[in-house]
Amino acid sequence: MSQTVIVTRGAGQSAPVGRDATWLVAVSAALWGLDGLLRKPLASELAAGTVVLWEHIIPIVLLLPFLPSALRAFVGLTRRDQAAVVVIGVGASAIATALFTRAFTIAGGDGDFITPLVLQKLQPVLAIALAVVILGERLRPRFGLYVVPALVGTWLLAFADPLHIRVSELEPALLALGAAALWAAGTVLGRLVSPSVSPRNLTTLRFAFGTLGAFAVVGVTGAPVLPAWGDAVGLVLLALIPGLLALTLYYRALRTTPASRATLGELAFPATAATVGALLLGTHLSGSQWTGLAVVAVTVTTMGVHEARTSARRRTESVRTT
């Protein structure tokens, strides 16, 4: 899935004055939830590397008019920021999407198209942990209150019987978590470089370097470069709907939507993914897996709301003291 959320303002910062667009956040999140419906037929027909390659080629073709200015901006960055941008494109975009596609393919073979999708909801938890390491942010003690239930929910969601683990279940879960970790790294590195690169240039560079990374994935895995003509429509829809379109709507919505409400709007993602998986993809989850899905969604949402309110309160106190 081609979506690295590049944060251009802190999660707790107030949105600019304007009409609340929580509904637009929900729409973009619902589009992400449709990923499984579009990815399933492609994953059964094409190698993961081929799918990932065209998930990047199609958006970068549309972004070509912005590529020259994006490359000029890249040349003007420090070496540290240049390395961060490359990692965002190659790691958080190409490699992460390859891991996710492979996880989706394996899990789908067992009839479970929901687990790899919902495990992405752990991305904010992983992003906070990485922000401590990469950005030197302080880890609040309360963070542990979210990590524990998130891990429990992940365990319940990943395995049909959490007390009897099968190797066939472990591999897709680890691949999906690896993808989530790389997407989280992309979020943190996006924060690192956002003062120096505009969102448009950063998005363009992400797909540009992601395309190079996707070619490398194809070379390493031996996947074919060209898909069959019959898969062309599916690839275009996958790249543009849960990919570029959803990401563009999400960025636009965040301009006027408080982070706490945006987090609630993002619940449309696991809700849509679960509905699509259960009704259209034939996924059958055990009772413990549905419980894990709910725990992960509620934990991440609660964390986002709390972090936003805490940051807003601290800004208010800072203004009062000055």
Side-chain angles (χ1 to χ4, degrees), residues 1-4 27-64 67 89-90 93-120 168 171-172 175-176 179 183 203-204 206-249 269 272-284:
M1 183 179 299
S2 301
Q3 72 205 49
T4 300
V27 169
S28 63
L31 291 177
W32 287 332
L34 294 176
D35 181 274
L37 185 62
L38 296 170
R39 193 176 298 271
K40 177 188 176 182
L42 295 172
S44 62
E45 296 287 337
L46 300 173
T50 307
V51 176
V52 172
L53 177 62
W54 286 92
E55 278 188 273
H56 288 80
I57 288 179
I58 294 168
I60 196 59
V61 168
L62 296 178
L63 294 170
L64 277 178
L67 186 57
V90 176
S93 192
I95 296 178
T97 308
L99 292 177
F100 172 77
T101 303
R102 180 59 181 163
F104 189 86
T105 302
I106 297 174
D110 292 331
D112 179 7
F113 296 97
I114 297 177
T115 296
L117 287 165
V118 178
L119 284 178
Q120 293 177 70
S168 60
E171 184 180 0
L175 288 170
W183 280 321
T203 300
T204 303
R206 169 185 175 271
F207 279 109
F209 285 108
T211 301
L212 297 179
F215 272 110
V217 169
V218 166
V220 171
T221 61
V225 172
L226 296 177
W229 278 110
D231 297 315
V233 174
L235 286 169
V236 170
L237 294 176
L238 180 65
L240 297 185
I241 296 178
L244 190 58
L245 175 60
L247 197 61
T248 301
L249 293 178
F269 170 51
T272 304
T275 301
V276 168
L279 298 182
L280 301 178
L281 299 180
T283 292
H284 302 287

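Just the heavy atoms: all of them, side chains too, but no hydrogens, waters or symmetry mates, feed the values below.
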Kindly write out the residues that satisfy side-chain contact (heavy atoms from CB on, under 4.5 Å) with Ala98, not counting sequence neighbours, or none if the list is empty.
Val52, Val217

Taken in chain and number order and not counting sequence neighbours, the residues that satisfy side-chain contact (heavy atoms from CB on, under 4.5 Å) with Ala208 are Ile60, Leu67

Reported CD1-to-CG distance for the pair Ile57 and Leu62, which is rounded to 0.5 angstrom:
12.0 Å

When every non-hydrogen atom of Ala179 is compared with those of Leu99, the smallest separation belongs to N-CD1, 4.0 Å

What are the two closest non-hydrogen atoms of Ala223 and Val218, and how far apart are they?
O-CG1, 2.9 Å

Which residues pass the side-chain contact (heavy atoms from CB on, under 4.5 Å) test with Ile58, not counting sequence neighbours?
Trp54, Leu235, Val236, Ala239, Leu240

Using a 4.5 Å cut-off on heavy atoms from C-beta on, say whether the side chain of Thr50 contacts that of Pro224.
yes

Considering non-hydrogen atoms only, spot the tightest contact between Leu46 and Ala228 and give its length.
CD2-N, 4.4 Å

When rounded to the nearest 0.5 Å, the distance separating OG1 of Thr101 from CG of Leu238 is 7.5 Å

Of all the heavy-atom pairs spanning Ala103 and Ala176, show the shortest one and how long it is.
CB-N, 3.8 Å

CH2 (Trp32) and CD1 (Ile241) are apart, to the nearest 0.5 Å, by 14.5 Å

Got Thr97 and Phe100 here, is their nearest side-chain heavy-atom distance under 4.5 Å?
no

Between His56 and Phe207 the two heavy atoms that sit nearest each other are CD2-CD2, 4.1 Å

Sequence neighbours excluded, the answer for side-chain contact (heavy atoms from CB on, under 4.5 Å) partners of Pro41 is none

At their closest point, which heavy atom of Ser93 faces which heavy atom of Gly89, and how far apart are they?
CB-O, 2.9 Å

